[in-house]
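Numbers here simply count residues along the sequence, with the first being 1. Order of appearance sets the numbers: ligands from 1, and atoms from 1 within every ligand.
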Amino acid sequence: MARIAFIGLGNMGGPMAANLVKSGHEVLGFDLAAPVLKAAEASGVKPASHASQAVKDAEIVITMLPQGKHVLTAWTDILQTAAQDTLVIDCSTIDVESSRKAHEMAKAAGCPSLDAPVSGGTGGATAGTLTFMAGGSDEAFARAKPILEAMGKKIVHCGEAGAGQAAKICNNMILGISMIGVCEGFVLAEKLGLSHQALFDVASTSSGQCWAINTYCPVPGPVPTSPANNGYKPGFAAALMLKDLRLSQEAALASGASTPMGAEAAQLFALFEKQGNGGRDFSAIIEMFREKV
Ligand code: NAD
């Protein structure tokens, strides 16, 4: 069993660290927010007074933080204290550029590193069923895999440094665009007098099928487990979808990729958030289309 430092114990990091404890690992945790650290202590995480205290003597360090700037600040601290050859893994969703910079910092400090953002949300973090998308060397991935398996059910090595973040934002850009397409389909069906169930029965089994309709249908009824049946309680909050769409557009600009639908999706989710919907499930954007954008 490994000695693991876990930095950032919020909505995702807290349950992820708890699953590492359940698997028998020794987990030393740190979070800037005292109540968050206390909650983690209740699940068996040993609280540290500073990131460097958690990292000292750790074989593996995991960060789960809001944005690239937080990761770069935390990794600067971590890499000053971590022993050479400590494996450093970032599970946050951040911009590809910051992720690659973090990998370079780790390399300079003699530490193997991995970017390993997740999908599956807080439900997946609690259940230990997250999907990890990893970027880094084969050696770093091989060392990380058994640890990530304690927190997730699917672990994919996507390529070199930054490839995990790249996979995450490409996937979520596709999801944001496809959810908007599905919502528009249902709004048009309503205007044409076509029932939700009829459109679902046709589109979910023919060429319109995709995750946004088959698994996460944005109207109540056809898929009883989708957030539409639960007042659009997330699920996956619109603010997080907007964050990922913005990251995709930063990456598109930096790399010269043409993503006009991704740009449009980012604008529509920005408008939806501005209307006070950031905390609702992202599929609730269907309501905005009923009102005419
Ligand atoms: P969160 O805000 O609940 O938790 C982040 C934690 O990091 C906070 O408790 C904060 O106090 C702490 N923190 C910030 N800077 C720190 C530092 N320098 N040192 C120590 N602690 C620090 O956020 P979350 O929902 O857990 O999300 C974390 C990451 O996971 C984000 O990048 C997010 O995009 C990604 N993500 C979230 C979800 C989700 O459903 N919540 C799903 C997939 C991916």
Electrostatic pair E250-R246, nearest N-O below 4.0 angstrom: no
Check: H50 side chain, S52 main-chain N or O, donor-acceptor pair, under 3.5 Å: yes
Tabulating one pair per line, provide the atom names and distances (0.1 Å) for every N/O atom of ligand 1 that is less than 3.5 Å from a protein N/O atom.
unit_1, atom_1, unit_2, atom_2, d
ligand 1, 3 (O), N11, N, 2.9
ligand 1, 3 (O), N11, ND2, 3.2
ligand 1, 9 (O), D31, OD1, 3.2
ligand 1, 9 (O), D31, OD2, 2.8
ligand 1, 11 (O), D31, OD1, 2.6
ligand 1, 21 (N), L32, N, 3.3
ligand 1, 26 (O), N11, N, 3.3
ligand 1, 26 (O), M12, N, 2.8
ligand 1, 32 (O), L65, O, 2.9
ligand 1, 32 (O), P66, O, 3.1
ligand 1, 32 (O), T93, N, 3.0
ligand 1, 32 (O), T93, O, 3.4
ligand 1, 32 (O), K243, NZ, 2.9
ligand 1, 34 (O), K243, NZ, 2.7

K168 (side chain) donor-acceptor with V118 (main chain) under 3.5 angstrom: yes
Residues E41 and K46 bridged, charged N to O under 4.0 Å: no
Main-chain N/O of L65 paired to S92 side chain as donor or acceptor, under 3.5 Å: yes
S283 side chain vs P218 backbone, donor-acceptor pair below 3.5 Å: no
